[in-house]
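These notes are about the structure you will find just below.
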There are 4 protein chains.
Amino acid sequence: MKNDIKQKSILLFEKKGFSETSIQDIVETLGVTKGTFYYYFTSKEQLLMDIHVSYIDDLLERQETVRLNQLSNRKKLEELIALLIIDIANHGPSGKVFFREMRHLCEDNAREVKRKREKFRKNLEAIISEGIAQNEFKKELEPGIIAFAILGVTNWSYQWFNPSGEISADRLARVYSDLIFNGIV
Amino acid sequence: MKNDIKQKSILLFEKKGFSETSIQDIVETLGVTKGTFYYYFTSKEQLLMDIHVSYIDDLLERQETVRLNQLSNRKKLEELIALLIIDIANHGPSGKVFFREMRHLCEDNAREVKRKREKFRKNLEAIISEGIAQNEFKKELEPGIIAFAILGVTNWSYQWFNPSGEISADRLARVYSDLIFNGIV
Amino acid sequence: MKNDIKQKSILLFEKKGFSETSIQDIVETLGVTKGTFYYYFTSKEQLLMDIHVSYIDDLLERQETVRLNQLSNRKKLEELIALLIIDIANHGPSGKVFFREMRHLCEDNAREVKRKREKFRKNLEAIISEGIAQNEFKKELEPGIIAFAILGVTNWSYQWFNPSGEISADRLARVYSDLIFNGIV
Amino acid sequence: MKNDIKQKSILLFEKKGFSETSIQDIVETLGVTKGTFYYYFTSKEQLLMDIHVSYIDDLLERQETVRLNQLSNRKKLEELIALLIIDIANHGPSGKVFFREMRHLCEDNAREVKRKREKFRKNLEAIISEGIAQNEFKKELEPGIIAFAILGVTNWSYQWFNPSGEISADRLARVYSDLIFNGIV
DNA sequence: TATGAATGAGCATTCATTCAT
DNA sequence: AATGAATGAATGCTCATTCAT
């Protein structure tokens, strides 16, 4: 039941937004009563936090796998980009909620999630730095800004990319990698 | 008065979000009463629409100026990137509201704003296509995807870029142009 | 309207208790809606505080009148006892709410009301001390304890005394004064 | 277990009030679940009734002991006052719950408790009447009113008297007896 | 132009209670 | 003897909106 509530909530939050989705909406979809919701979650915000933590923890874990394998930094970066894009196909709604609704977390929870988000970004930045040191990337790059740019390209996809449309997720990931590695000129 | 309401609202919507800002909040900040608000706006949503339209119309107008000048497509693209980044310094709050709160427009208004947003994107895409035709950009590029990527890089900046921090807007625009043109390898 | 809400609330709080009286109960009795209640009061607790403050302020003011007149301390004490008993006839419900529901005030408000209550008690104590000094009362009395005893006798009346029953308020006040002055032996 | 629930409940009801204490609060303090509560008590109100009955039955029993011994009425009255005051030290929380929360009993139970309370009061009144007949007390006294006054003095102590403070319970009982017997003049 | 009073629908949350196991 | 899942009704409170003045 707890997981049912969570999954349905993700879909509703994605479609209507966190503030616009009432507990009533959630439990009605599941055919249970509000009491049931509060048996499993202490508040609406706690549910949102739960969703956030699952999402970012999963992402961090998979990033770790990439980070620790024996590939070149260029290859690692390519894999991370693919990971993020392909995630839209697999966990699109979670991702949208994650990127849009963080504002509704209470201060303490927001801080915790922010820390994890930044850890992901810092890891990305570290791969870029490493790549520069290994002469895989241009030496005049600023790793911090480049990391933000890459996250911009990938995260923005959540706003428009439809994985069941003309372009496949794999394809999009390759196009983006090529753009980031080689530019358009 | 009408403009006062609009400007204060932008600031409040940016800070607290549209749903979380009440009409009461807005009029209290201005020292007037709710009646006054409804004298100038027929609804909260109409105010949001007003904000959206001003923002995107201004952007389209400035895009038009870039588009019609006699520069190379590469130079035009560079100018558009700069335009978007520098806008954060000048109209940051409006931009944040624009990117975050479109969901709260009613269907008809959302459609209208979407049309204008897409017009901006299509214009960007056209510049890329033109550049390919003129051999300024690689011929195998897919202009549509590249346009989304560029918007991702620039629009995502609204989420983290602080124009009064270490990096200036000018500098960020140059770094981003360089990334997009030449890549990181 | 604000005063209507207050008066009706006093009656409901007296009859059913503060916690057991809902805002719905209050507004229904008045034929208005909840919105109206919250137009005049920011919370249920604020309404309770309002009731408390009116009550104790009125009492303190009347105590002051007694305290400042030119009578003997014995006479002053007699008048204070009468004041408290006769108040049951005039403001019984307010008094009951005052004595029973203070626990529902928030910390800050409770402290403020407590301070006023204690002021009343201290004034009573002062009259007793003064009376001892003037040889009106026995010299071995402990004014603090006596003050508590007197308040016990009078305040407890709120729990059983029915001013429209057999014994009149005037009569009860005289019996109580006699008891306190002369005892039962 | 049943008694554990009762004792913890008394403490919680005293601290937070009956309405403000939830079954959840009670069982959490004991480390059991709600089911356990409902195994021993059929309702929250029944638990309150149980507390009330224990308290007043104990008081009546001890009153009976005093009533039946061979002392003068004056001495009996003195002992009853002491009994009530010293009870604050021994069963303070129960007493506070008893005096404050009777309102939450259902009609039938309230009637039963009221009957017992009145029995206590009537017994007190009888001792006074007896004392008058025996010329121990003034003959013009009205026993009913005097009984109420005595109960006011003693019961009100529950609101302020701290048995571990400066004044001991024994001492307070003596001061109160003296006041009631001899007055302050 | 602006106010102030009022509405009514909705919301997150609480809680005593039930009941199959 | 005790649990854990679920209910459903109620509660305090918010808020966009209306409207007579």
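Labels below follow one simple rule: chain letters A, B, ... track the order of the sequence lines, proteins then strands, and each chain is numbered from 1.
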Check every atom of dC15(E), dT7(E), dT18(E) against the side chain of V32(C) and return the nucleotide holding the closest atom.
dT7(E)
Shortest side-chain distance from T33(D), nucleotide among dG4(F), dT14(E), dT7(F):
dG4(F)
Give the ring-plane orientation class for F98(D) versus Y55(D), where under 30° counts as parallel, over 60° as perpendicular and anything between as tilted.
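Tilted.
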Using both distances under 3.5 Å as the test, list the Watson-Crick or G-U wobble partner of [N], or none.
N       : answer
dA9(F)  : dT14(E)
dT21(F) : dA2(E)
dA9(E)  : dT14(F)

Earlier contact from the 5' end, DNA chain E, for T42(D) and T36(B):
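On the 5' side of the pair lies T36(B).
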Closest nucleotide of DNA chain E for T21(A) versus for Y40(B): which of these residues is on the 5' side?
Y40(B)
Round to the nearest Å and state the distance from [X] atom [atom1] to [N] atom [atom2].
X      : N       : atom1 : atom2 : result
Q24(B) : dA6(E)  : CD    : P     : 16 Å
D25(A) : dA9(E)  : CG    : C1'   : 14 Å
Y39(D) : dA16(E) : OH    : C1'   : 20 Å
I23(B) : dT17(F) : CD1   : P     : 6 Å
K34(A) : dA5(F)  : NZ    : P     : 22 Å
L47(A) : dA12(E) : CG    : P     : 11 Å
L30(B) : dT1(E)  : CG    : P     : 16 Å
Y38(C) : dA6(E)  : OH    : C1'   : 16 Å

ring-ring contact (aromatic ring centres under 6.0 Å, His included) with W156(A): of Y158(B), W156(B), F99(B), only one passes, and it is F99(B)
With a 6.0 Å cut-off (strictly less than), is the heavy-atom count around NZ of K16(B), excluding the residue itself, greater than 12?
yes
Atom NZ of K6(A): over 12 foreign heavy atoms under 6.0 Å:
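Above 12, so yes.
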Using 4.0 Å as the upper bound for N to carboxylate O, is an ion pair formed by R103(A) and E101(B)?
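Judged by the 4.0 Å cut-off on N to carboxylate O distance, E101(B) and R103(A) do form a salt bridge.
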Could you pick out which residue, S22(C) or S22(B), lies toward the 5' side of DNA chain F when each is mapped onto its nearest nucleotide?
S22(C)
Is it the case that the base of dT11(F) and the side chain of K44(C) share a donor-acceptor contact (distance under 3.5 Å, atom types as modelled)?
no
Distance check: side-chain N/O of S43(B) vs OP1/OP2 of dA16(F), anything under 4.0 Å?
no
